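If you're wondering where the values come from, they're calculated on a predicted model, not measured in any experiment. When reading the values below, keep in mind they use all heavy atoms of this one structure, side chains included, and skip hydrogens, waters and symmetry mates.
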Amino acid sequence: MSIKIQQAKVEDAPFLAKMILQSSRAGKKDSLFDLIFETNDDAVLLEKLEKLTQTQAKSQCHYKNFLIATLDGKPVGTLCSYEPRIATQETFIEALHEVGCKDEVEATLDIVYECNFDTNKRTLMFDYLEELEGFVDVGVLKALMQKSLLNARLKGYRIAQTMIEIGSLESELFYKKMGFSKVASHECTEYKEVFGRSGLMLFSMEF
């Protein structure tokens, strides 16, 4: 069995939606998208997320930002990398409006944005690093990360960053193994009240 990494295509939207939802929940009862779309119904959420990966506004969730790992032709993992100067908070809100969210969605996003960090516009951000259950020990995430870093170098990037929830020990250990280190953390009262996690940590790597 060999892992292949490829650029996501529009037809990968259903798989991307599944991985985005899995990543955003990360063991929590409610994810950001449960709140944004005001439902815990997986079928509804997946339908909305599929549309979100294909909006005209190129948010971080757009399919063109994703790499997909396949094993024997089957998709098994994803990694999103995006440029914060392009996939801005405003762009994300535009994309959400495209899929039917009302103006009130901005108040929901404030819960997360109060915990955000000021990131360098020349930094490449990583998100939605996920793999299917049952493929944990075959190197899917490492292969995705290595390919994404190679692509980043070719684009002229030298710094990659990611945000991890405080208490997400598995994600923290993985990123540390890949050479990332924690550079900041924010504990946010409202974030903890809504998601049950103390806040967010910023991890960074120069390469």
Side-chain angles (χ1 to χ4, degrees), residues 8-68 75-84 86-117 119 125-133 144 162-168 170-171 186-202:
K9 301 184 177 84
V10 67
E11 54 264 33
D12 295 312
F15 182 71
L16 296 179
K18 181 178 180 179
M19 293 294 96
I20 290 171
L21 184 58
Q22 178 176 306
S23 175
S24 62
R25 281 196 176 146
K28 302 187 296 294
K29 177 180 177 292
D30 291 314
S31 73
L32 176 62
F33 293 107
D34 292 84
L35 298 182
I36 285 174
F37 297 121
E38 301 178 319
T39 181
N40 295 111
D41 187 321
D42 283 8
V44 174
L45 287 168
L46 291 172
E47 181 184 357
K48 293 283 190 181
L49 288 170
E50 277 189 48
K51 292 178 180 177
L52 189 61
T53 66
Q54 303 171 65
T55 54
Q56 291 295 313
K58 302 296 192 296
S59 76
Q60 67 269 27
C61 294
H62 196 273
Y63 75 89
K64 289 186 177 179
N65 292 328
F66 281 83
L67 293 178
I68 286 187
V76 293
T78 60
L79 174 57
C80 166
S81 60
Y82 66 93
E83 300 170 89
I86 297 174
T88 62
Q89 294 178 8
E90 293 75 19
T91 306
F92 188 41
I93 290 168
E94 283 180 42
L96 290 171
H97 286 163
E98 279 189 53
V99 298
C101 289
K102 300 175 182 176
D103 290 341
E104 290 79 7
V105 73
E106 296 183 37
T108 303
L109 292 174
D110 283 342
I111 299 169
V112 173
Y113 290 158
E114 73 154 338
C115 255
N116 267 1
F117 304 88
T119 54
M125 296 297 296
F126 287 159
D127 206 347
Y128 308 121
L129 178 61
E130 283 295 318
E131 61 192 346
L132 287 179
E133 195 173 334
L144 282 162
T162 190
M163 285 182 279
I164 302 171
E165 286 182 319
I166 295 172
S168 297
E170 287 186 15
S171 294
H186 282 169
E187 293 192 11
C188 310
T189 302
E190 192 171 7
Y191 194 96
K192 185 174 183 178
E193 289 174 355
V194 173
F195 297 115
R197 302 286 171 87
S198 298
L200 298 172
M201 301 180 289
L202 181 67

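- Salt bridge Lys29/Asp34: absent, no basic N to carboxylate O contact under 4.0 Å.
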Output, in order, the C-alpha distance, side-chain angles, deciding distance and verdict of side-chain contact (heavy atoms from CB on, under 4.5 Å) for Leu129 and Leu144.
CA-CA 8 Å; Leu129 178 61; Leu144 282 162; 4.3 Å; yes
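- Between Gln54 and Glu98 there is no side-chain heavy-atom pair separated by less than 4.5 Å.
- Between Leu52 and Leu96 there is a side-chain heavy-atom pair separated by less than 4.5 Å.
- By the neighbour-count criterion of 12 heavy atoms within 6.0 Å, atom NZ of Lys28 is densely surrounded, having more than that number from other residues, nucleotides or ligands.
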Assess whether side-chain contact (heavy atoms from CB on, under 4.5 Å) is satisfied between Leu132 and Phe15, documenting all intermediate values.
CA-CA 10 Å; Leu132 287 179; Phe15 182 71; 3.9 Å; yes
Determine whether Gln89 and Asn116 satisfy the following criterion, side-chain contact (heavy atoms from CB on, under 4.5 Å), listing intermediate values before the conclusion.
CA-CA 11 Å; Gln89 294 178 8; Asn116 267 1; 3.5 Å; yes
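- Few gaps surround CD on Glu114; more than 12 heavy atoms of other groups in view lie less than 6.0 Å from it.
- More than 12 non-hydrogen atoms from other residues, nucleotides or ligands lie less than 6.0 angstrom from CD of Glu11.
- Put simply, the side chain of Val105 does not reach to within 4.5 Å of the side chain of Phe92, judged on heavy atoms.
- Side chain of Ser59 to backbone of Glu94: no donor-acceptor contact under 3.5 angstrom is found.
- We find the CG-CE distance between Leu49 and Met19 to be 11.5 Å, quoted to the nearest 0.5 Å.
- Smallest separation of non-hydrogen atoms from Ala13 and Glu50: O-CG, 3.7 Å.
- Residues Ile166 and Met201 are in side-chain contact: their nearest non-hydrogen atoms beyond the backbone lie under 4.5 Å apart.
- In this structure, CD1 on Ile36 lies 8.5 Å from OG on Ser24, to the nearest 0.5 angstrom.
- The CD1 atom of Ile68 sits 3.5 Å away from atom CG of Asp12, with the distance rounded to the nearest 0.5 Å.
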Please step through side-chain contact (heavy atoms from CB on, under 4.5 Å) for the pair His97 and Asp103, ending with a clear verdict.
CA-CA 8 Å; His97 286 163; Asp103 290 341; 3.5 Å; yes
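- Side-chain contact between Ser171 and Glu165 is absent, with no heavy atoms from C-beta onward closer than 4.5 Å.
- Between atom CG of residue Asn65 and atom OH of residue Tyr128 there is a gap of 10.5 Å, rounded to the nearest 0.5 Å.
- Below 30°, between 30° and 60°, or above 60°: for Phe195 and Tyr191 the angle between ring planes is between 30° and 60°, a tilted geometry.
- Taken from CG in Asp42 to CZ in Arg25, the straight-line distance is 4.5 Å, to the nearest 0.5 Å.
- Looking at Lys58, its side chain does come within 3.5 Å of a backbone N or O of Gln56 through a donor-acceptor pair.
- At distances below 3.5 Å, not a single donor-acceptor pair connects side-chain atoms of Ser23 with backbone N or O atoms of Ile20.
- Closest non-hydrogen pair, Tyr82 versus Asp127, comes out as CE2-CB, 4.2 Å.
- When side chains are defined from C-beta on, Thr55 counts as touching Val99, because their heavy atoms get closer than 4.5 Å.
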Pair Cys115-Cys188, disulfide (SG to SG under 2.5 Å): steps then yes or no:
CA-CA 6 Å; Cys115 255; Cys188 310; 1.8 Å; yes
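- For the atom pair CZ of Phe66 and OG1 of Thr78, the computed distance is 6.0 Å after rounding to the nearest 0.5 Å.
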